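Labels below follow one simple rule: chain letters A, B, ... track the order of the sequence lines, proteins then strands, and each chain is numbered from 1. Basis for what follows: all heavy atoms, side chains included, without hydrogens, waters or symmetry-related copies. As the structure is a computational prediction, the values presented were derived from the model and not from experiment.
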2 protein chains.
Amino acid sequence: MTDSEVGTRSTRQRQAVVSALEEATSFSTAQELHESLRARGTKVGLATVYRSLQRMADAGDVDVIRNDTGEAFYRRCSSHHHHHLICRECGRAVEVSGPAVEEWADRIASENGFSDVSHSLELVGTCNACAAGR
Amino acid sequence: MTDSEVGTRSTRQRQAVVSALEEATSFSTAQELHESLRARGTKVGLATVYRSLQRMADAGDVDVIRNDTGEAFYRRCSSHHHHHLICRECGRAVEVSGPAVEEWADRIASENGFSDVSHSLELVGTCNACAAGR
DNA sequence: TGATTGTCGAGAATGATTCTCATACTCTAG
DNA sequence: CTAGAGTATGAGAATCATTCTCGACAATCA
């Protein structure tokens, strides 16, 4: 079995994880997704949620970010390269992209003799709705 | 006791953690620092290493980044705002700063109605030494 | 020196994530 | 449609980094 052959079967559990992700409006942990599935009466094992998320992350179908305690958060995202602007209060996330940043990253990398550079970038702030509600 | 009053005492253990950090040429985990202290014959508890690192991180004296498995890596850094360009093979880290990125982040944030925006950015690549050695 | 109070250390506890392995299910060839 | 092969699942154990607990110790200061 090669890597490209795994994760191809369509099961009730995988569809459930996908739909839970699509209902979520912000980044969610595996545990939260598992809980929301249980709450709606869909029985899916926690390990399966983790496996599904990992496979989707590997395939690039979901984005993974980590908070400052190292917990992983998942979100269904567009497939092109982008970054996130996340509200620190409500968790709402906006996809943003910045050619300027990509160019800057490449330039900095080559100036320092680095090659094959990838980058991770997240913006965290307070969205207007949350700022207004205080 | 207020926050400003904690972490003021000078102890052998704290000095040891600081010196271990200064000897390290790249980002290190708490476990690695603990091990290097033990290796040189300095007895310091693991919990103390964690506590010292956390306090320094809170004070802004060290930078913390996380790898893709969520483990925390620490490094003694300059105190002004900056980012890192890290070699994925040898772990060597270069501090970089980019006014362009800061401005872009602020602009994107305000365009989307976000305020109080902070950002995290890391560049990962292969340094020239490692690229040459292959 | 003695009192006060922060700090240490060993090991237990925590919590997210991964692993194990017996069982159930998908998919496809026939 | 059906059996067979091989993948996927689930419950709970295992892992592993990190944090907590609490009695003992040490830094600071009068």
So which of residues 27-44 of chain A are in contact with DNA chain D, with a heavy-atom cut-off of under 4.0 Å? A:K43, A:V44

The correct set of residues in residues 16-23 of chain A placing a heavy atom under 4.0 Å from DNA chain D is none

With a cut-off of less than 4.0 Å, is there a side-chain N or O of A:Y50 near OP1 or OP2 of C:dT18? no

Axis-to-axis angle across the helix from C:dT1-D:dA30 to C:dG30-D:dC1, five pairs an end, to 10 degrees? 30°

With nearest nucleotide decided by heavy atoms, which residue, A:L46 or A:R51, maps closer to the 5′ end of DNA chain C? A:L46

A:E95 versus A:S78, side-chain donor and acceptor atoms under 3.5 Å: yes

Please list, chain by chain and in numerical order, all residues satisfying salt bridge (Lys or Arg N to Asp or Glu O under 4.0 Å) with B:R88, sequence neighbours excluded. none

Check: A:S19 and A:R40 side chains under 4.5 Å, non-hydrogen atoms: yes

side-chain N/O A:Q54 vs C:dT17 OP1/OP2, d < 4.0 Å: no

If only atom types and distance count, is the side chain of A:S28 paired as donor or acceptor with the main-chain N or O of A:S26 below 3.5 Å? yes

What residues, two or more places apart in sequence or in another chain, satisfy salt bridge (Lys or Arg N to Asp or Glu O under 4.0 Å) together with A:E32? none

B:Q13 side chain near C:dT7 phosphate (N/O to OP1/OP2, under 4.0 Å): no

Check this for me, if you would: do B:R107 and B:E111 make a salt bridge, where the nitrogen-to-carboxylate-oxygen distance has to be below 4.0 angstrom? yes

Can a donor-acceptor pair be found between the side chains of B:Q31 and B:T29 at a distance below 3.5 Å? no

Rounded distance in Å - CD (B:E71) to P (D:dC16): 10 Å

Using a 4.0 Å cut-off on protein heavy atoms (strictly under), produce a 5'-to-3' string for nucleotides 24-30 of chain C with B for base contact, S for backbone-only sugar-phosphate contact, and - for none. -BBS---

Could you tell me the separation between the CG atom of B:D68 and the P atom of D:dA17, rounded to a whole number of Å? 14 Å

